[in-house]
Colleague: 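Sharing a structure here in structure tokens format.
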Number of protein chains: 2
Amino acid sequence: MNVRTICLAILQLGDSTGYEIRKCVADGLFSHFVDASYGSIYPALNKLEAEGLLDAHIEEQDGKPNRRVYSINDTGRAAFGEMLSGPIGDDTFKSPFLLLATYAQYLSREQISAAIDAQVKFLINELDLIDTAEAELPLAACNWVAEFGRNAMQSQLEYIYENRAALEEIAGTSSLTNKPQIPAIDAAE
Amino acid sequence: MNVRTICLAILQLGDSTGYEIRKCVADGLFSHFVDASYGSIYPALNKLEAEGLLDAHIEEQDGKPNRRVYSINDTGRAAFGEMLSGPIGDDTFKSPFLLLATYAQYLSREQISAAIDAQVKFLINELDLIDTAEAELPLAACNWVAEFGRNAMQSQLEYIYENRAALEEIAGTSSLTNKPQIPAIDAAE
DNA sequence: TAGGCCATGTAACCGGTTACATGATTAG
DNA sequence: CTAATCATGTAACCGGTTACATGGCCTA
């Protein structure tokens with residue numbers, strides 16, 4: 001799932017500019033498909049146009065900079081169709097939060113609690129994001145996908161609510177420098 | 001969450017080699033924290049050793065190539081502690097499967113069914129992976145994290161089982177080339 | 001009047017992957 | 001006899017990000 005594919009996917013839904021595509025990828029539903037910033041989107045659009053998959057025209061605005069509006073053409077639609085038919089990669093889930101949780105015994109209770117709170121906020125924010133994105137996408141399956149996302153986020157939230165105490169109790173039980181935790185001699189005396 | 005951090009994290013659990021660390025990251029529990037291959041792990045270990053965060057010694061074996069065994073030292077443990085305390089990134093979930101699902105109306109029913117089957121296999125495989133990885137990690141919170149993962153995978157699986165029919169019915173209802181689906185004139189005659 | 005939004009674009013960088021080189025041993 | 005596993009490493013590449021340049025309008 002590279003920037004090229006996502007540009008075609010978004011333009012399949014209607015004409016758009018580099019600026020709008022970036023917004024879409026940064027905080028729309030498409031944020032769950034790829035990462036992309038200006039530095040990758042603008043060159044990708046230029047290249048796609050040069051290859052003949054996109055058409056472009058300048059739209060003049062007063063008071064605002066001109067917009068370079070791209071449209072997908074038949075060649076582009078065919079290419080997009082092939083990309084969807086070809087092999088797609090596996091889903092990836094990378095979680096710094098779970099790394100922190102894994103090493104909870106070496107962290108203070110405060111640190112773990114703060115990390116959990118941050119994660120809860122993050123998940124709730126993701127849920128909001130799904131709601132707004134769902135309303136915008138003119139695709140039949142968009143409700144199905146949004147529901148998939150809500151289901152995933154909510155089940156994570158529930159797990160955290162029900163089990164956070166257990167993790168907080170593990171926090172601070174070991175020290176990084178003494179991996180095999182030998183009872184302190186001071187305490188034994 | 002870069003390769004450096006993951007190397008320190010793994011070495012915190014015991015001495016290891018570049019080869020073993022890669023296995024760990026490729027198909028262990030750590031696969032959910034970062035991506036890393038030989039080309040990034042070996043240079044990272046060299047650099048960490050040069051910076052004084054790791055110690056290394058050669059372990060000779062007969063019949064097999066020598067192993068370069070790394071151990072984390074006090075400097076390394078301190079650095080790892082700081083990394084865990086510092087700001088960590090947000091979780092990321094990138095799903096080519098959901099992109100495909102989003103555009104289901106443009107794909108054939110066979111394609112969608114195949115993608116769903118592949119996704120189910122993928123999720124079941126992830127569940128197996130969690131079980132094996134859980135048994136290996138000598139950390140108090142490892143059960144908590146494994147259970148988090150199982151919960152996440154299972155809820156995705158359940159959603160797919162219960163709703164796959166709905167997605168399969170959306171498949172093939174539009175053509176990429178005719179975005180506004182006007183009823184065919186042939187059919188009307 | 002400072003900062004944010006609109007809007008496009010580029011150059012330097014960076015963190016990774018891919019593919020290769022090397023070579024012995026073991027399992028199918 | 002082939003393929004995989006063990007084991008280390010490098011060079012070329014690549015797909016992205018970061019930071020910057022530019023500049024007018026609008027809001028606090």
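Heavy atoms only: backbone and side chains are in, while hydrogens, waters and symmetry mates are out. In the text below, chain A, chain B and the rest are named by the order of the sequence lines, each starting its count at 1.
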Colleague: Starting from the first five and the last five pairs of the helix from dT1(C)-dA28(D) to dG28(C)-dC1(D), work out the angle between the resulting helix axes, to 10 degrees.
Modeller: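 That helix gives 50° between its end axes.
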Colleague: Polar atoms only, N or O, under 3.5 Å: list the protein pairs with nucleotides 8-10 of chain C and their distances.
Modeller:
residue	atom	partner	partner atom	Å
dT8(C)	OP1	R68(A)	N	2.7
dT8(C)	OP2	Y19(A)	N	3.0
dT8(C)	OP2	Y42(A)	OH	3.0
dT8(C)	O5'	Y42(A)	OH	3.4

Colleague: Sequence neighbours excluded, which residues qualify as side-chain hydrogen bond (donor to acceptor under 3.5 Å, both in side chains) partners of T5(A)?
Modeller: N2(A)
Colleague: Could you check how far CD1 of I6(A) sits from P of dG15(D), rounded to whole Å?
Modeller: 15 Å
Colleague: Under 4.0 Å between a side-chain nitrogen and a carboxylate oxygen: does that hold for E20(A) and K23(A)?
Modeller: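 Salt bridge absent between E20(A) and K23(A).
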Colleague: Please give, in whole Å, the distance from dG16(C) P to M1(B) CE?
Modeller: 11 Å
Colleague: With a cutoff of under 4.5 Å between side-chain heavy atoms, which Ile, Leu, Val, Met, Phe, Trp and Tyr residues group with Y38(A)?
Modeller: Y19(A), Y42(A)
Colleague: Would you indicate, yes or no, if dA7(C) has its OP1 or OP2 atom less than 4.0 angstrom from a side-chain nitrogen or oxygen of Q61(A)?
Modeller: yes
Colleague: Quick test of your reading: applying salt bridge (Lys or Arg N to Asp or Glu O under 4.0 Å), list the pairs with at least one residue in residues 78-103 of chain A, sequence neighbours left out, ordered by first then second residue.
Modeller: K94(A)-D35(B)
Colleague: Nearest whole angstrom, please: distance from the P of dA7(C) to the CG of L45(A).
Modeller: 14 Å
Colleague: May I have the distance from R22(B) (atom CZ) to dT5(D) (atom C1'), rounded to whole angstrom?
Modeller: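 Distance, rounded to whole Å: 11 Å.
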Colleague: Mind checking ring pair (Phe, Tyr, Trp, His ring centres under 6.0 Å) for F33(A) and listing every partner two or more places apart, or none if nothing turns up?
Modeller: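 F30(A).
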Colleague: Taking ring pair (Phe, Tyr, Trp, His ring centres under 6.0 Å) as the cut-off, I'd like each qualifying pair that reaches into residues 154-175 of chain A, sequence neighbours left out, listed once.
Modeller: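 Matches after skipping sequence neighbours: Y159(A)-W144(B), Y159(A)-F148(B).
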Colleague: State which residues pass ring pair (Phe, Tyr, Trp, His ring centres under 6.0 Å) with Y70(B); sequence neighbours excluded, sorted by chain then number.
Modeller: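 Checked Y70(B) against ring pair (Phe, Tyr, Trp, His ring centres under 6.0 Å); zero matches.
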Colleague: Going by the rule side-chain hydrogen bond (donor to acceptor under 3.5 Å, both in side chains), which residues pair with N143(B) if we only count those two or more places apart in sequence or in a different chain?
Modeller: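 Partners of N143(B) by the side-chain hydrogen bond (donor to acceptor under 3.5 Å, both in side chains) criterion, ordered by chain and then number, come out as E134(B).
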Colleague: Which residues end up grouped with V69(B) if you chain together Ile, Leu, Val, Met, Phe, Trp and Tyr wherever their side-chain heavy atoms are less than 4.5 Å apart?
Modeller: none
Colleague: Expressed in angstrom and rounded to an integer, what is the separation of I41(B) atom CD1 from dG15(C) atom P?
Modeller: 16 Å
Colleague: Measure CD1/I21(B) against P/dC6(D) and give the value in whole Å, please.
Modeller: 15 Å
Colleague: Distance check needed: dT8(D) C1' versus E60(B) CD, whole Å only.
Modeller: 15 Å
Colleague: Hey, what are the protein-to-nucleotides 23-28 of chain C N/O distances that come in under 3.5 Å?
Modeller:
residue	atom	partner	partner atom	Å
dT25(C)	O4'	G63(B)	O	3.4

Colleague: Name all residues meeting the side-chain contact (heavy atoms from CB on, under 4.5 Å) criterion together with E169(B); count only those two or more places apart in sequence or in a different chain, and write none if there are none.
Modeller: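 Per chain and number, E169(B) pairs via side-chain contact (heavy atoms from CB on, under 4.5 Å) with R109(B).
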Colleague: Can the ring centroids of Y106(A) and F80(B) be said to lie less than 6.0 angstrom from one another?
Modeller: no
Colleague: Starting at CG of L48(A) and ending at P of dG15(D), how long is that distance when rounded to a whole Å?
Modeller: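 Spelled out: CG on L48(A) to P on dG15(D) is 13 Å.
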